[in-house]
Amino acid sequence: MVGDLVDLAREDGPQQVIEHVDVDEIIATSLARVERRRPDITFDVQTAPWYVYGDSAGLGRAVLNLMDNAAKWSPENGIVRVRLTPLSEVVAEFTVADSGPGIPKEDRDKVFERFYRSIQSRSMPGSGLGLAIVKSLVEQHGGSISVDSELGSGSVFTVRLPKAAASA
């Protein structure tokens with residue numbers, strides 16, 4: 001938890017390497033890790049090539065966290081849907097949809113706050129920092145994140161990421 005707090009406090013993060021980052025590759029690497037932890041979940045993944053300019057480790061941490069959360073909240077034999085879809089020449093959308101219990105409406109605006117944990121999540125492991133870190137990392141890459149959820153039908157986290165400029 002201390003490491004997470006330090007990462008949140010430092011804008012540049014530890015040991016950043018700024019480069020062209022293959023988001024499709026980051027998703028594949030994260031998927032392999034999450035599938036080992038939750039072999040009882042089906043991962044339905046559809047991606048397209050997309051590159052951003054930024055920190056591969058930081059973006060990888062954000063993607064892994066979103067996929068881990070989806071797996072954590074999905075029931076045994078649940079489905080996690082992962083999509084990376086270009087919306088235009090300059091923006092792509094990365095979505096992670098779980099088949100969990102959903103997030104109550106009153107909690108949706110708070111899930112990206114540091115240390116926030118909904119009543120239903122307090123019985124599960126975690127510090128309430130994961131989604132705050134994801135938001136910070138996504139914003140460092142010029143992107144945005146939002147959540148849509150329906151109680152009893154799961155949650156969808158949507159990240160929009162700008163494309164790496166050819167001259168970057």
Side-chain angles (χ1 to χ4, degrees), residues 4 7-8 13 21-35 37-38 40-48 50-52 54-76 78-88 90-122 124-163:
D4 287 344
D7 288 350
L8 273 171
V21 178
D22 183 344
V23 180
D24 187 36
E25 182 178 306
I26 284 176
I27 292 169
T29 301
S30 297
L31 177 64
R33 290 180 67 182
V34 176
E35 282 181 321
R37 290 193 277 256
R38 284 299 304 268
D40 60 320
I41 299 285
T42 299
F43 292 88
D44 175 7
V45 180
Q46 296 176 15
T47 63
W50 195 259
Y51 293 85
V52 299
D55 174 37
S56 179
L59 195 56
R61 182 174 184 181
V63 168
L64 180 61
N65 185 291
L66 288 172
M67 292 172 71
D68 264 341
N69 279 355
K72 176 171 87 172
W73 286 102
S74 293
E76 186 174 341
I79 297 174
V80 172
R81 289 177 178 77
V82 177
R83 303 286 186 266
L84 176 61
T85 309
L87 298 178
S88 70
V90 294
V91 176
E93 188 172 80
F94 168 62
T95 60
V96 180
D98 65 44
S99 51
I103 301 169
K105 189 173 187 170
E106 61 272 11
D107 291 335
R108 290 182 207 145
D109 291 337
K110 301 173 188 170
V111 296
F112 299 107
E113 293 177 10
R114 295 177 190 186
F115 300 112
Y116 182 76
R117 300 200 50 185
S118 68
I119 291 171
Q120 68 187 110
S121 70
R122 292 178 190 159
M124 299 191 71
S127 63
L129 289 173
L131 290 173
I133 290 170
V134 169
K135 181 179 180 187
S136 175
L137 290 166
V138 166
E139 289 176 349
Q140 286 174 25
H141 287 83
S144 64
I145 185 167
S146 62
V147 62
D148 188 28
S149 188
E150 193 70 38
L151 284 179
S153 298
S155 301
V156 180
F157 286 84
T158 302
V159 173
R160 291 197 173 187
L161 291 169
K163 187 174 188 175

Report yes if the side chains of Val147 and Thr158 come closer than 4.5 Å at any heavy-atom pair, otherwise no.
no
Can you find a pair of side-chain heavy atoms, one from Val82 and one from Met67, that are under 4.5 Å apart?
yes
Taking C-beta and beyond as the side chain, do Thr42 and Val80 meet within less than 4.5 Å on heavy atoms?
no
Atom CZ in Phe157, atom OG in Ser149: separation rounded to 0.5 Å?
7.5 Å
Taking atom CD1 of Ile26 and atom CG of Leu64, what is their separation to the nearest 0.5 Å?
10.5 Å
For a quick test of reading the model, state the closest non-hydrogen atom pair linking Asn65 to Gly130 and the distance between them.
ND2-CA, 3.4 Å
Indicate yes or no: does Lys105 engage Asp107 in a salt bridge with an N to O separation below 4.0 Å.
no
For residues Val159 and Thr95, determine if any side-chain heavy atom of one lies less than 4.5 Å from a side-chain heavy atom of the other.
no
Take Leu59 and Val52 through the test side chain to side chain contact (heavy atoms under 4.5 Å, CB included) and record every step on the way to the result.
CA-CA 9 Å; Leu59 195 56; Val52 299; 3.5 Å; yes
Which atom names give the shortest non-hydrogen contact between Gly102 and Ser155, and what distance separates them?
CA-OG, 3.7 Å
Scanning both residues in full, the closest heavy-atom pair of Val21 with Ser56 reads CG2-N, 3.7 Å
Could you tell me the separation between the CD1 atom of Ile41 and the NZ atom of Lys72, rounded to the nearest 0.5 Å?
13.0 Å
CG (Asp22) and OH (Tyr51) are apart, to the nearest 0.5 Å, by 4.0 Å
Write down the atom of Lys135, the atom of Phe112, and the distance for their closest heavy-atom approach.
CD-CB, 3.8 Å
Are any of the side-chain heavy atoms of Asp24 and Trp50 separated by less than 4.5 Å?
no
For the CG atom of Leu87 and the NZ atom of Lys163, what is their distance to the nearest 0.5 Å?
12.5 Å
Is the closest side-chain donor-acceptor distance between Ser74 and Asp98 under 3.5 Å?
no
More than 12 non-hydrogen atoms from neighbouring residues, nucleotides or ligands closer than 6.0 Å to CG on Asp44, yes or no?
yes
Please step through side chain to side chain contact (heavy atoms under 4.5 Å, CB included) for the pair Val23 and Leu84, ending with a clear verdict.
CA-CA 8 Å; Val23 180; Leu84 176 61; 3.8 Å; yes
Looking only at side chains, do Ser136 and Gln140 share a donor and an acceptor under 3.5 Å apart?
yes
Is atom CZ of Arg37 surrounded by more than 12 heavy atoms (other residues, nucleotides or ligands) closer than 6.0 Å?
yes
For the student: nearest non-hydrogen atoms of Ser30 and Gly60, plus distance
OG-O, 3.9 Å
Are Arg108 and Asp148 within salt-bridge range, i.e. N to O under 4.0 Å?
no
Report yes if some heavy atom in the side chain of Val45 is under 4.5 Å from a heavy atom in the side chain of Arg83; otherwise report no.
no
Ignoring hydrogens and angles, tell me if any N or O in the side chain of His141 forms a donor-acceptor pair with the backbone of Asp55 under 3.5 Å.
yes
At their closest point, which heavy atom of Phe43 faces which heavy atom of Glu35, and how far apart are they?
CD1-CG, 3.6 Å
Is it the case that the side chain of Arg160 and the backbone of Ile145 share a donor-acceptor pair, with hydrogens and angles ignored and the cut-off at 3.5 Å?
no
Would you say that Leu151 contacts Pro104 through its side chain, given a criterion of any heavy-atom pair below 4.5 Å between the two side chains?
yes
Please report the interatomic distance CZ(Phe94) to CD1(Ile27), rounded to the nearest 0.5 Å.
4.5 Å
Does any non-hydrogen side-chain atom of Ile103 lie less than 4.5 Å from one of Val111?
yes
Is a donor on one side and an acceptor on the other found under 3.5 Å between the side chain of Ser99 and the backbone of Ile79?
yes
